[in-house]
Novice: 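Please find one structure pasted underneath; my questions will follow.
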Number of protein chains: 2
Amino acid sequence: MLSLAEENYLKAIYHLGKFGTISVSTNAIADKMATKASSVTDMIKKLAEKELVVYKKYQGAKLTENGRKLAASVVRKHRLWEVFLVEHLNFSWDEVHEVAEQLEHIQSEKLINQLDAFLEFPTHDPHGDPIPDKNGQIKKTDKVLLAQVKEHEHCMCVGVKDSSKEFLKYLDKHQIALGTQFKVLSKEAFDESMILEVHNKPLSISKVVSNNLFVKSNQ
Amino acid sequence: MLSLAEENYLKAIYHLGKFGTISVSTNAIADKMATKASSVTDMIKKLAEKELVVYKKYQGAKLTENGRKLAASVVRKHRLWEVFLVEHLNFSWDEVHEVAEQLEHIQSEKLINQLDAFLEFPTHDPHGDPIPDKNGQIKKTDKVLLAQVKEHEHCMCVGVKDSSKEFLKYLDKHQIALGTQFKVLSKEAFDESMILEVHNKPLSISKVVSNNLFVKSNQ
DNA sequence: ACAATTTTTTAGTCTTGTCTAAATTTTATT
DNA sequence: AATAAAATTTAGACAAGACTAAAAAATTGT
Ligand SMILES: [Mn+2]
Ligand SMILES: [Mn+2]
Ligand SMILES: [Mn+2]
Ligand SMILES: [Mn+2]
């Protein structure tokens with residue numbers, strides 16, 4: 001049984017280390033968790049003791065298979081709860097994260113399996129992020145950043161890279177949601193801004209935006 | 001913002017002190033929370049500091065109006081989650097308590113209000129206990145212990161006093177649930193056992209059972 | 001290769017919530 | 001009223017998780 005703090009550290013290492021495949025530096029973890037490097041060192045040692053991470057002094061931490069599974073289970077819970085909040089409790093996609101941060105720590109196998117069934121086994125959360133299965137596996141999709149799409153091509157919004165409140169509200173304002181269709185009308189070489197056709201109207205977006213929207217090319 | 005521990009203490013004092021109306025002894029709290037009296041003393045002092053309880057040395061603690069409201073809000077969340085688990089996630093009434101103990105600490109006004117609406121504003125939890133409203137008010141019902149019912153009278157099961165897994169499973173085994181109709185066929189003076197008519201069949205129950213079932217008389 | 005800078009660890013402290021053992025106060029009994 | 005018993009508080013310690021300041025190791029720049 002893990003403490004709330006331990007679960008949060010595992011999750012941070014999971015996200016920073018590409019699902020636990022690469023080693024993550026103390027400072028990177030401290031940054032992500034808004035804590036201090038010294039606190040991270042302490043915690044990594046405890047996690048290493050429990051064989052959830054491999055830790056070598058000055059070399060950062062990498063998840064073990066066991067650590068990876070536990071982290072994925074926390075992410076699974078987080079994303080399933082986000083789906084619940086949006087689909088059934090009238091939350092918008094910019095409101096769910098804080099609450100899911102709390103709900104992801106509820107301990108009950110039955111709860112999460114029944115929730116999964118109640119939601120009809122969703123594969124993605126409200127931000128387009130994949131939901132790990134019971135074994136902690138995610139099937140990776142072929143999404144690409146909008147910034148990569150060439151002029152005159154059509155694509156569909158399938159996710160956000162930045163899921164901050166601010167960005168999500170910006171998208172709402174421009175009526176961009178998961179499933180929205182884009183056509184790249186033109187790209188400006190100077191500042192890498194783009195003009196899209198969205199809902200039959202032109203929309204100019206900056207590189208910052210196109211770099212934070214995932215899309216799927218229409219064939 | 002209260003810590004999880006503080007919320008649990010408030011809840012214990014609320015339940016032991018008749019919704020915060022009477023003072024509760026240190027030992028009683030320690031017992032209910034499976035902790036030690038010295039720990040309780042420490043915590044009561046902190047709660048008194050925050051003006052959530054009134055504390056006089058050697059005289060126990062009583063909730064303030066503010067403490068009562070906060071405790072009721074925790075109880076409200078606990079019971080709403082229990083309804084959700086039973087009505088939508090296929091939990092049985094003996095499985096919900098442990099999970100609700102965790103869920104009751106999730107902090108989000110919107111979450112609990114939306115959950116309330118999603119559940120269509122239930123007034124009672126799966127054990128027949130009343131759900132406090134947003135202001136922490138509960139409307140008390142005129143339920144009575146089955147042990148009090150006279151011979152030949154009819155009544156309906158509306159709640160349990162003991163909501164332990166063991167008792168709830170005993171009731172399941174005998175097909176007794178909220179809403180089940182009883183007729184008191186006879187009462188044995190010797191051991192105060194009772195013979196009921198339930199689902200058109202006679203059932204003999206001990207005083208322990210009749211003392212833990214709440215019923216409403218049929219007029 | 002060596003100095004300067006950055007990253008990471010260590011040492012020591014703090015807060016929260018818990019515990020045991022001892023002291024104190026209250027309550028019950030004679 | 002005095003004493004015994006029970007309840008409560010105090011004192012001191014501990015574990016988890018955080019922090020600051022200082023030391024040590026790794027990295028970077030010349
Ligand atoms: Mn999230
Ligand atoms: Mn998400
Ligand atoms: Mn309960
Ligand atoms: Mn209940």
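Numbered from 1 within each chain, the chains take letters A, B, ... in sequence-line order. Computed from heavy atoms alone, side chains included, the values below leave out hydrogens, waters and symmetry copies.
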Novice: Take atom CD of Glu49(B) and atom P of dT16(C), then tell me their distance rounded to the nearest Å.
Specialist: 12 Å

Novice: In plain terms, say whether Arg68(B) and Glu65(B) are close enough for a salt bridge, that is, a side-chain N and a carboxylate O under 4.0 Å apart.
Specialist: yes

Novice: So which of residues 52-64 of chain B are in contact with DNA chain D, with a heavy-atom cut-off of under 4.0 Å?
Specialist: Tyr55(B), Lys57(B), Tyr58(B)

Novice: So, the side chain of Glu151(A) versus the backbone of Lys187(A): is there a donor-acceptor pair under 3.5 Å, distance only?
Specialist: yes

Novice: Starting at the 5' end of DNA chain D and moving along, which residue's nearest nucleotide shows up first, Ser3(A) or Val40(B)?
Specialist: Val40(B)

Novice: Please give, in whole Å, the distance from dT20(D) P to Asp42(A) CG?
Specialist: 13 Å

Novice: Base, sugar-phosphate, or nothing: which does Ala5(B) touch, judged by heavy atoms less than 4.0 Å apart?
Specialist: sugar-phosphate

Novice: Given atom NZ of Lys50(B) and atom P of dT16(C), what is their separation to the nearest angstrom?
Specialist: 8 Å

Novice: Less than 3.5 Å apart, any donor N or O on the side chain of Asp125(A) or Trp93(A) sitting next to an acceptor on the other?
Specialist: no

Novice: Heavy atom of residues 10-35 of chain B under 4.0 Å from DNA chain D: which residues?
Specialist: Ser25(B), Thr26(B), Asn27(B)

Novice: I'd like to know if the side chain of Gln114(B) and the backbone of Leu89(A) have a donor-acceptor N/O pair within less than 3.5 Å.
Specialist: yes

Novice: Looking at dC19(D), I'd like to know if its phosphate oxygens (OP1 or OP2) sit under 4.0 Å from a side-chain N or O belonging to Ser39(A).
Specialist: yes

Novice: Given atom CE of Met43(B) and atom P of dC19(C), what is their separation to the nearest angstrom?
Specialist: 11 Å

Novice: Any carboxylate oxygen within less than 4.0 angstrom of a Lys/Arg side-chain nitrogen, looking at Lys11(A) and Glu104(A)?
Specialist: yes

Novice: Compare side-chain N and O positions of Lys36(B) against OP1 and OP2 of dT9(D) and report whether any pair is under 4.0 Å apart.
Specialist: no

Novice: Are more than 12 heavy atoms from other residues, nucleotides or ligands located less than 6.0 Å from atom NZ of Lys216(A)?
Specialist: no

Novice: Ignoring hydrogens and angles, are the base of dT18(C) and the side chain of Ser38(B) linked by a donor-acceptor pair under 3.5 Å?
Specialist: no

Novice: Please report the distance, rounded to the nearest Å, between CD in Glu6(A) and P in dA18(D).
Specialist: 10 Å

Novice: For dT9(C), take OP1 and OP2 only and decide whether either is under 4.0 Å from a side-chain N or O of Thr41(A).
Specialist: yes

Novice: Is the closest basic N to carboxylate O distance between Lys165(B) and Glu98(B) below 4.0 Å?
Specialist: yes

Novice: Do Leu80(B) and Ile131(B) come close enough that some side-chain heavy atom pair is under 4.5 Å?
Specialist: yes

Novice: So, do Phe214(B) and Val144(B) sit near enough that their side-chain heavy atoms are less than 4.5 Å apart?
Specialist: no

Novice: Round to the nearest Å and state the distance from Lys45(B) atom NZ to dT8(D) atom P.
Specialist: 14 Å

